[in-house]
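To keep things clear, I will list the structure first and then write my remarks on it.
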Amino acid sequence: MSTSDPLVVVENVQKHYGEFQALTDVNLSVERGEVVVVIGPSGSGKSTLCRSINRLETITSGSIRIDGTELPAEGKKLAHLRAEVGMVFQSFNLFAHLTILENVTLGPIKVLGYSKADAKREALQILARVGIEKQADKFPAQLSGGQQQRVAIARALAMQPKVMLFDEPTSALDPEMINEVLDVMVGLAKEGMTMVVVTHEMGFARKAADRVVFMADGQILETGSPEEFFTNPKTDRARDFLSKLITH
Ligand SMILES: Nc1ncnc2c1ncn2[C@@H]1O[C@H](COP(=O)(O)OP(=O)(O)OP(=O)(O)O)[C@@H](O)[C@H]1O
């Protein structure tokens, strides 16, 4: 696998739920270090695409490769390969009965085989990177939503992912906490992390995206630089979507 090859390759992917087609022939390549922001109306298939890339959904047809390797649908290899694809959800999904530090060290110890001491050392560094190191011994319920989401990002980073997927990471947050999470994401983007981000935060898209992908009805209708997309959308669907964002 050459380092000039795309890191994520989604090819002719279809996802059906019974009769319903959530994804219709989706093709997307993400380069190493690229930040792709996926936007589109509710129900357009953005989450399904993210979940398919991480194999939380089994695709109906097509292929998805991470660094040249197709993730198996199940089995032992899946846990290891899935670790290469960090995912951050709208709901933080932290383990309530574990401390922040334990939430972050669990995966490296169980899946990557780290010793407790190594996992702790790495975790404290990563928690410092997201500004939560002082809360390491607290429990999730003692943290604000923004802090919990930063822990969720730290937990994903602790698995040393090749790519990070974010599925509406700020949608469940109070407005004053949105920026603290977006700032961490902008920082990751600047450090060269490969990222696929589903979000309604157009400010983040303008600031951090190398490319914007617009989805509607389970298809990618447009893809382009943020500047191209926001100033000159090519399809009526995208124009309509953007006009609603501006007026609401
Ligand atoms: N498990 C499921 N079973 C049946 N239909 C589903 C399932 N999951 C998603 N869908 C349908 O697939 C379509 C795409 O959903 P998806 O959540 O991917 O959209 P989205 O673009 O992420 O929307 P939103 O912005 O509202 O999160 C929707 O019509 C949804 O109802």
Side-chain angles (χ1 to χ4, degrees), residues 8-30 35-64 66 71 73-74 78 82 85-93 145-146 148-149 152-153 156 163-175 177-178 181-182 185 195-206 208-209 211-224 226 229-230 233-248:
V8 180
V9 178
V10 175
E11 244 171 21
N12 306 119
V13 165
Q14 310 230 17
K15 171 66 187 174
H16 299 181
Y17 293 110
E19 298 279 286
F20 181 76
Q21 273 204 323
L23 297 177
T24 309
D25 200 26
V26 171
N27 290 280
L28 177 68
S29 289
V30 184
V35 178
V36 172
V37 169
V38 182
I39 63 175
S42 184
S44 55
K46 306 179 299 293
S47 283
T48 305
L49 175 61
C50 260
R51 295 170 62 80
S52 298
I53 292 174
N54 200 27
R55 275 288 193 234
L56 292 169
E57 298 285 354
T58 307
I59 55 177
T60 308
S61 63
S63 76
I64 298 176
I66 310 293
L71 263 64
E74 54 193 22
L78 177 62
R82 190 182 272 156
V85 187
M87 186 140 175
V88 175
F89 301 87
Q90 184 174 328
S91 51
F92 331 119
N93 300 343
Q148 288 189 56
Q149 191 59 302
I153 293 173
V163 54
M164 288 276 287
L165 310 177
F166 294 84
D167 190 3
E168 301 199 22
T170 58
S171 295
L173 297 179
D174 291 336
M177 289 169 192
I178 290 176
V181 171
L182 293 179
M185 292 167 62
M195 293 163 58
V196 176
V197 183
V198 175
T199 185
H200 296 290
E201 294 293 333
M202 297 303 135
F204 173 82
R206 286 175 193 275
R211 201 146 48 100
V212 172
V213 163
F214 175 74
M215 289 187 75
D217 300 332
Q219 287 177 300
I220 293 178
L221 293 194
E222 291 195 36
T223 168
F229 179 75
F230 289 116
K234 294 180 196 70
T235 59
D236 287 344
R237 291 297 299 272
R239 274 191 286 276
D240 184 48
F241 175 77
L242 289 174
S243 71
K244 282 183 182 144
L245 279 181
I246 291 157
T247 48
H248 284 165

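Numbering of ligands and ligand atoms starts at 1, following listing order. Every value quoted in this text rests on a predicted model; they were computed, and no experiment measured them.
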Who's the nearest protein heavy-atom neighbour of [atom], and how far?
{"atom": "atom 23 (O) of ligand 1", "result": "G43 N, 2.8 Å"}
{"atom": "atom 10 (N) of ligand 1", "result": "Y17 CE1, 3.4 Å"}
{"atom": "atom 22 (O) of ligand 1", "result": "S47 N, 2.8 Å"}
{"atom": "atom 19 (O) of ligand 1", "result": "G45 N, 3.2 Å"}
{"atom": "atom 26 (O) of ligand 1", "result": "S42 OG, 2.6 Å"}

Note to self: On the six-membered ring of F241, is K244 placed so that its NZ or CZ lies under 6.0 angstrom from the centre and within 45° of the ring axis?
What the structure shows: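 Negative - K244 is either too far from the ring of F241 or too far off its axis.
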
Note to self: Suppose we screen for side-chain hydrogen bond (donor to acceptor under 3.5 Å, both in side chains). Which residues come up paired with E222, at least two apart in sequence or across chains?
What the structure shows: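 Partners of E222 by the side-chain hydrogen bond (donor to acceptor under 3.5 Å, both in side chains) criterion, ordered by chain and then number, come out as T235.
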
Next item on the list: Can you sort out the partners of T60 under side-chain hydrogen bond (donor to acceptor under 3.5 Å, both in side chains), two or more places apart, ordered by chain and number?
Entry: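 Partners of T60 under the side-chain hydrogen bond (donor to acceptor under 3.5 Å, both in side chains) test: none.
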
Can you find a heavy atom in the side chain of [X] that is under 4.5 Å from one in the side chain of [Y]?
{"X": "M164", "Y": "I153", "result": "yes"}
{"X": "I53", "Y": "I66", "result": "yes"}
{"X": "N27", "Y": "N12", "result": "yes"}

Close-contact set for ligand 1 against [X] heavy atoms, below 4.0 Å:
{"X": "A22", "value": "12 (O)"}
{"X": "T48", "value": "14 (C), 15 (O), 16 (P), 18 (O)"}
{"X": "P41", "value": "21 (O)"}

Next item on the list: Output the distance between atom CD (E168) and atom CG (L173), rounded to the nearest 0.5 Å.
Entry: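 So the gap between those two atoms works out to 11.5 Å.
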
Margin query: Using 0.5 Å steps for rounding, measure from the CD1 atom of I59 to the OG1 atom of T48.
Written below: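 That separation rounds to 12.0 Å.
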
Check: Heavy-atom distance to atom 21 (O) of ligand 1: which of Q90, E168, E57, K46 wins?
Finding: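 Selected option, by shortest heavy-atom distance: K46.
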
Margin query: My question is simple, although I want it checked carefully: is atom 13 (C) of ligand 1 less than 4.0 angstrom from any protein heavy atom?
Written below: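 So far as the 4.0 Å threshold goes, atom 13 (C) of ligand 1 is in reach of a protein heavy atom.
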
Notebook entry, point to check: Within the structure, does at least one protein heavy atom fall under 4.0 Å of atom 31 (O) of ligand 1?
Noted result: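 No, because not a single protein heavy atom sits under 4.0 Å from atom 31 (O) of ligand 1.
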
Notebook entry, point to check: Within the structure, does G40 bring an N/O atom to less than 3.5 angstrom of an N/O atom in ligand 1?
Noted result: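 In this structure, G40 places no N or O atom under 3.5 Å from an N or O of ligand 1.
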
Margin query: Would F20 count as a polar contact of ligand 1, with the cut-off being nitrogen or oxygen pairs under 3.5 Å?
Written below: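 Not met; the criterion fails.
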
Next item on the list: Over all heavy atoms of both residues, which pair between S63 and V13 is shortest? Give the atoms and the distance, please.
Entry: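 So the two residues come closest at O-CG2, 3.6 Å.
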
Item checked: Mode of R51 contact toward ligand 1 - side chain, backbone, both, neither (heavy atoms, under 4.0 Å) ->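 R51 to ligand 1: no contact under 4.0 Å from either part.
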
